[in-house]
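All figures in this text were calculated on a predicted structure; none of them were measured in a lab. As a basis for the values below, the full set of heavy atoms in this structure was taken, side chains included, without hydrogen atoms, waters or symmetry mates.
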Amino acid sequence: MCDDFTVVEEDAALKAMGVSRRDFAGLAAGAGLATIAASPAYAAAGVVEKAVSIPTGDGQCDGFLYHPATGTHPGIIVWPDIAGLRDAYKLWAKRLAGEGYSVLVVNHYYRTAKAPLLATMAEWRTPAGAEKLKPAIAALNPALITKDAAAFVAFLDKQPSVSKTRGLGAAGHCMTGSYTVRAAAVAPGRVKACASLHGGGLVDDKPDGVIALIPKTKASFLFAIAQNDDARAPGDKDALKKACAAAGRPAEVEVFHADHGWTTLDAPSYNKEEAERAWTRMTALFAKL
């Protein structure tokens, strides 16, 4: 989870790279993402991009829908990390669409403001960025997240680019890793594959927590855990494995050799090698939809 421990670790990573947090913020917003976008993996030729507004019952959630220009494809809901919907996640969603999916990436903070609230992950580590996100984070709770997930499923099922005969998938990062399980629990007939990437808040004994919700799903799972998150809570991976096994849900639970945020393109902890390995595991999961 993104917390004070993660800040210390990120600062150490930046020091090793020889850049300050301020310099990294500029790099991530500018040349860094531009370089990634120009790489073959992120070319995503023939992908259609459309800004969308999703009715939720609490207003209109802004987001983007990406899909191949022709045909119907499994739908995927993508939740960004704690810093919200921004260019890094639009690029990530576009790449996923290029592999044959209709991808909806959402602004989970829509009740507070339209995206982007922040331009980069590094910005949220500044006092101003943290203050800007504080009311947006406070405006969310499990009931609202579940309500939103149901709305996103309904929205995808109305899109011409989404296959109605194949299941939906969900991917969440950081604080939103748990949102994928909520989606699978609220729409078990539709959400069939969930990927939690360095997810936070996955293990507790709450009646509406992830562990309690897994038996209510009909999905397969990938829980990709950061090595520093595992070091702080080494029992979480075992609790997830136990819960999935007891519910008869297929699950891959693995600790990756990278720190929290390693799949996020503009994060100080971004680790290309391990990010690509997680990508391969995630797309193998979604290929079964």
Step by step, would you call Ser163 with Thr72 a side chain to side chain donor-acceptor pair (under 3.5 Å)? CA-CA 5 Å; Ser163 171; Thr72 60; 4.5 Å; no

Working for side-chain contact (heavy atoms from CB on, under 4.5 Å), residues Met282 and Leu96: CA-CA 10 Å; Met282 178 188 71; Leu96 185 57; 4.1 Å; yes

Let's go through His67 and Val103 carefully: what are the C-alpha distance in whole Å and the side-chain angles of both, what is the deciding distance for side-chain contact (heavy atoms from CB on, under 4.5 Å) to 0.1 Å, and is it a yes or a no? CA-CA 6 Å; His67 60 84; Val103 181; over 6 Å; no

Working note: Tyr110 + Leu85, criterion side-chain contact (heavy atoms from CB on, under 4.5 Å); need CA distance, chi angles, decisive distance, verdict. CA-CA 10 Å; Tyr110 72 91; Leu85 176 56; over 6 Å; no

How far apart are the C-alpha atoms of Glu252 and Phe221, what are their side-chain angles, what is the distance that settles it, and do they pass the side-chain contact (heavy atoms from CB on, under 4.5 Å) test? CA-CA 6 Å; Glu252 290 185 78; Phe221 295 95; over 6 Å; no

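Of the candidates His108, Arg86, Met175, Arg86 is the only one forming a side chain to side chain contact (heavy atoms under 4.5 Å, CB included) with Asp81. Of the residues listed (Phe223, Trp262, Tyr270), the one engaging His198 in a ring pair (Phe, Tyr, Trp, His ring centres under 6.0 Å) is Trp262, and it is the only one. Shown are Val191, Ile54, Ile77, Ile76; of these, the side chain to side chain contact (heavy atoms under 4.5 Å, CB included) with Leu156 is made only by Ile77.
Asp229 contributes atom CG, which lies 13.0 Å from atom CZ of Phe256 (distance to the nearest 0.5 angstrom). In this structure, CZ in Arg190 is found 11.0 Å from CZ in Arg166, a value given to the nearest 0.5 Å. Taking OG of Ser269 as the reference point, atom CD of Glu274 lies at 12.0 Å (rounded to 0.5 Å). Between His73 atom NE2 and Ser161 atom OG the span is 7.0 Å, to the nearest 0.5 Å. From Ile214, atom CD1 reaches atom CG of Leu202 across 8.5 Å, with rounding to the nearest 0.5 Å. Expressed to the nearest 0.5 Å, how far CG of Asn271 lies from CD of Glu276 amounts to 10.0 Å.
Lys206 NZ: 12 or fewer foreign heavy atoms inside a 6.0 Å radius. In the displayed structure, Glu273 atom CD is contacted under 6.0 Å by at most 12 heavy atoms of other residues, nucleotides or ligands.
Within the 4.5 Å cutoff, side-chain heavy atoms of Leu118 are placed close to those of Leu133. Residues Asn107 and Trp79 fail the side-chain proximity criterion, which asks for heavy atoms closer than 4.5 Å. When side chains are defined from C-beta on, Asp148 counts as touching Arg111, because their heavy atoms get closer than 4.5 Å. Here the side chains of Ser102 and Val162 are in contact, with some heavy-atom distance below 4.5 Å. Residues Pro142 and Arg182 form a side-chain contact, since some pair of their non-hydrogen atoms from C-beta on lies under 4.5 Å apart. With contacts defined as side-chain heavy-atom distances shorter than 4.5 Å, the pair His260/Cys174 qualifies. A 4.5 Å side-chain heavy-atom check between Val153 and Leu168 finds at least one atom pair inside the cut-off. Contact of the Thr176 side chain with the Ile145 side chain is not registered, since no non-hydrogen atoms from C-beta on lie closer than 4.5 Å.
Closest heavy-atom contact between Ala171 and Trp92: CB-CH2, 4.0 Å. Summarising the geometry of Pro268 relative to Met121, their closest heavy-atom pair is CD-CG, 4.1 Å, with the distance given to 0.1 Å. Here the closest non-hydrogen pair linking Lys147 and Asp58 is NZ-OD1, 2.8 Å. Taking each heavy atom of Val48 and Ala69 in turn, the nearest pair found is CG2-CA, 3.8 Å. Closest heavy-atom contact between Val52 and Leu65: CG1-CB, 3.9 Å. Smallest separation of non-hydrogen atoms from Pro55 and Ala151: O-CB, 3.5 Å.
For the pair Lys90 and Phe64, the distance from NZ or CZ to the six-membered ring centre is under 6.0 Å and the angle to the ring normal is within 45 degrees.
A continuous path of Ile, Leu, Val, Met, Phe, Trp and Tyr side chains, each step under 4.5 Å between heavy atoms, connects Val47 with Tyr89, placing both in one hydrophobic cluster. Using a 4.5 Å cut-off between side-chain heavy atoms of Ile, Leu, Val, Met, Phe, Trp and Tyr, with links allowed through other members, Val253 and Leu285 fall into different hydrophobic clusters. Linking ILVMFWY side-chain heavy atoms closer than 4.5 Å, directly or via other members, places Leu289 and Tyr66 in a single hydrophobic cluster. Under the 4.5 Å side-chain heavy-atom criterion for Ile, Leu, Val, Met, Phe, Trp and Tyr, Val106 and Leu117 are members of the same hydrophobic cluster. A continuous path of hydrophobic side-chain contacts links Val255 to Val210 [ILVMFWY only; heavy atoms under 4.5 Å].
Glu99 places no side-chain N or O within donor-acceptor distance of the main-chain N or O of Arg95, the cut-off being under 3.5 Å. No donor-acceptor pair closer than 3.5 Å links the side chain of Thr264 to the backbone N or O of Ala267.
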Which donor-acceptor pairs under 3.5 Å do side chains of residues 235-247 form with protein atoms, sequence neighbours excluded?
unit_1, atom_1, unit_2, atom_2, d
Lys237, NZ, Asp230, OD1, 2.8
Lys237, NZ, Pro234, O, 2.8

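Between the side chains of Ser196 and Tyr179, no donor N or O sits under 3.5 Å from an acceptor N or O. For the residue pair Tyr101/Thr283, the side-chain donor-acceptor check at 3.5 Å is not satisfied.
Note on ring orientation: taking the six-membered ring where Trp is involved, the planes of Tyr42 and Trp279 are tilted (angle from 30° to 60°).
Residues satisfying the salt bridge (charged side-chain N to carboxylate O under 4.0 Å, His left out) criterion with Glu254, sequence neighbours excluded, are Arg277, Arg281.
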